[in-house]
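First comes the structure, then the notes that go with it.
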Protein chains: 2
Amino acid sequence: MTASAPMPRPGVAFLLAQLGAHAAGLFAERITGLDLTPAQAGLLRMLAARPGRSQRELADDLGMPPSRFVPFADELEERGLIERRRNPADRRVYALHLTGKGETLLGELAQAGMEHERLLCEALTDEEHDRLLVLLRRMADQQGLRPDVHPGYRNLRPRPGA
Amino acid sequence: MTASAPMPRPGVAFLLAQLGAHAAGLFAERITGLDLTPAQAGLLRMLAARPGRSQRELADDLGMPPSRFVPFADELEERGLIERRRNPADRRVYALHLTGKGETLLGELAQAGMEHERLLCEALTDEEHDRLLVLLRRMADQQGLRPDVHPGYRNLRPRPGA
DNA sequence: TATTGTTATACTCTATAACTATA
DNA sequence: TATAGTTATAGAGTATAACAATA
């Protein structure tokens, strides 16, 4: 009789954490070719969706303190991907925008994202992929997650090899 | 005419990363009451599934270098949750095992996991939950993920508030 | 000579908290 | 007095590499 405690099989929560970390690692690895980290890619996407927001707002959404956001944005500005614009009405704030170069890179990023999606979902039929999408969107919505941001952006340099 | 570039909606990969980080953060927060981090909980589960493995093997599965595993295991040993047993046949290795106290805590952990699962999947019917489980397991299997471990264990102290 | 476990150390990253300029 | 942005700094966490014991 070797009947000890029954080992519970992993549930949805564990699989989401596992697959999520796996997906994030693969994506980080993929975009090293574009010389971007996931958090940098996230900021570019956020600026495309809502241009002109303040550093404070963006830092909040990314889950990082303003003191960390400054050098984070500095690098992207030095690379000519984003630009800071003064607001004459309130000279304390910077409005952040994508440059043309930033928009171009965002296009390459979208391509990388599509290939990433394809490889990650290779085990699914097209129909299954769509059904999965529906369920995950419903969960994300009910859990109060916003479309553009996710908590993993806090980690500035995840190991690409995950 | 405000038709600029069409903003692509997030796909499965992004939602998995987002929900996965969210789920991991909620779980981390939940088990602070048991005074455990996700990585510590992961080790306890690994020892329940396969007792007696060496520190080297376990460190590899957890994605951490041996030098980091030692103080990590030290703490759990000092708290009486795991124990190191010498192997007379090869005196270099320690075989790690759960103590009775560790098994008890693992039971509380399982309960926390069930409540976590319930809240995370609140938006789904029971049937949808099961269908989601099937799809995620198939993906995890095809992507080569092992049942007990996930790459997020590398992060020793994720913000509980995620 | 190779491997397990351990320790030491240098380095990176981080949050906290000042500080400035504007409001 | 409060807020956006910035800078400084002290502390925590990490990987790398050396080391000791055993094979």
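Chain letters run A, B, ... following the sequence lines, proteins first, then strands; residues in each count from 1.
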query = For the side chain of Glu78(B) and the backbone of Glu75(B), is there at least one donor-acceptor N/O pair under 3.5 Å apart?
reply = no
task = Verify the distance criterion only: is there a donor paired with an acceptor across the side chains of Tyr94(B) and Arg85(B) at less than 3.5 Å?
result = no
key: Enclosure of Arg91(B) CZ (heavy-atom neighbours >12, cutoff 6.0 Å)   = no
inquiry  = Does Arg131(B) form a salt bridge (charged side-chain N to carboxylate O under 4.0 Å, His left out) with Asp126(B)? I'd like the steps, not just the answer.
reply    = CA-CA 9 Å; Arg131(B) 281 197 284 129; Asp126(B) 287 354; over 6 Å; no
key: Under-4.0 Å salt bridge between Arg84(B) and Asp74(B)   = yes
query = Which nucleotide in the list dT16(D), dA15(C), dA4(D) gets nearest to the side chain of Pro65(B)?
reply = dT16(D)
message = Measure CZ/Phe69(A) against C1'/dT16(C) and give the value in whole Å, please.
response = 19 Å
Listed partners of Arg146(B) passing side chain to side chain donor-acceptor pair (under 3.5 Å), at least two apart = none
note = Closest of dT6(D), dT7(C), dT4(C) to the Val93(B) side chain is dT4(C)
note = Leu96(B) CG to dG5(C) P, in whole Å, measures 8 Å
request  = Report, as yes or no, whether the 6.0 Å neighbourhood of atom CZ on Arg50(A) holds more than 12 heavy atoms from other residues, nucleotides or ligands.
outcome  = no
inquiry  = Quick one, Leu98(A) and Leu105(A) - any side-chain contact, counting heavy atoms below 4.5 Å?
reply    = no
request  = Using modelled atom types only, decide if a donor and an acceptor are shared between the side chain of Ser54(A) and the backbone of Val93(A) within a distance under 3.5 Å.
outcome  = no
key: Interatomic distance, Met64(B) CE vs dA15(D) C1' [rounded to whole Å]   = 13 Å
task = Starting from C1' on dG5(C), measure out to CD on Glu57(B) and report it in whole angstrom.
result = 14 Å
note = The contact string for nucleotides 18-23 of chain C, one letter per nucleotide 5' to 3', using protein heavy atoms under 4.0 Å with B, S and - for base, sugar-phosphate only and none, comes out as ----BS
query = Looking at dT6(D), dA15(C), dT6(C), which one has an atom nearest to any side-chain atom of Val70(A)?
reply = dT6(D)
Separation of dT12(C) P from Phe72(A) CZ (nearest whole Å) = 19 Å
key: Distance, rounded to the nearest Å, where Arg56(B) contributes CZ and dA23(D) contributes P   = 17 Å
Contact residues, residues 73-83 of chain A to DNA chain D [heavy atom, < 4.0 Å] = none
task = Using a heavy-atom cut-off of under 4.0 Å over every strand shown, decide if Tyr94(A) touches base, sugar-phosphate, or nothing.
result = sugar-phosphate
message = Does Ser67(B) contact dT16(D) through a side-chain donor or acceptor facing the base, at a distance under 3.5 Å?
response = yes
query = Gln55(A) CD to dT7(D) P: how many Å, rounded?
reply = 11 Å
Under 4.0 angstrom between Arg68(A) side-chain N/O and dG5(D) OP1 or OP2 = no
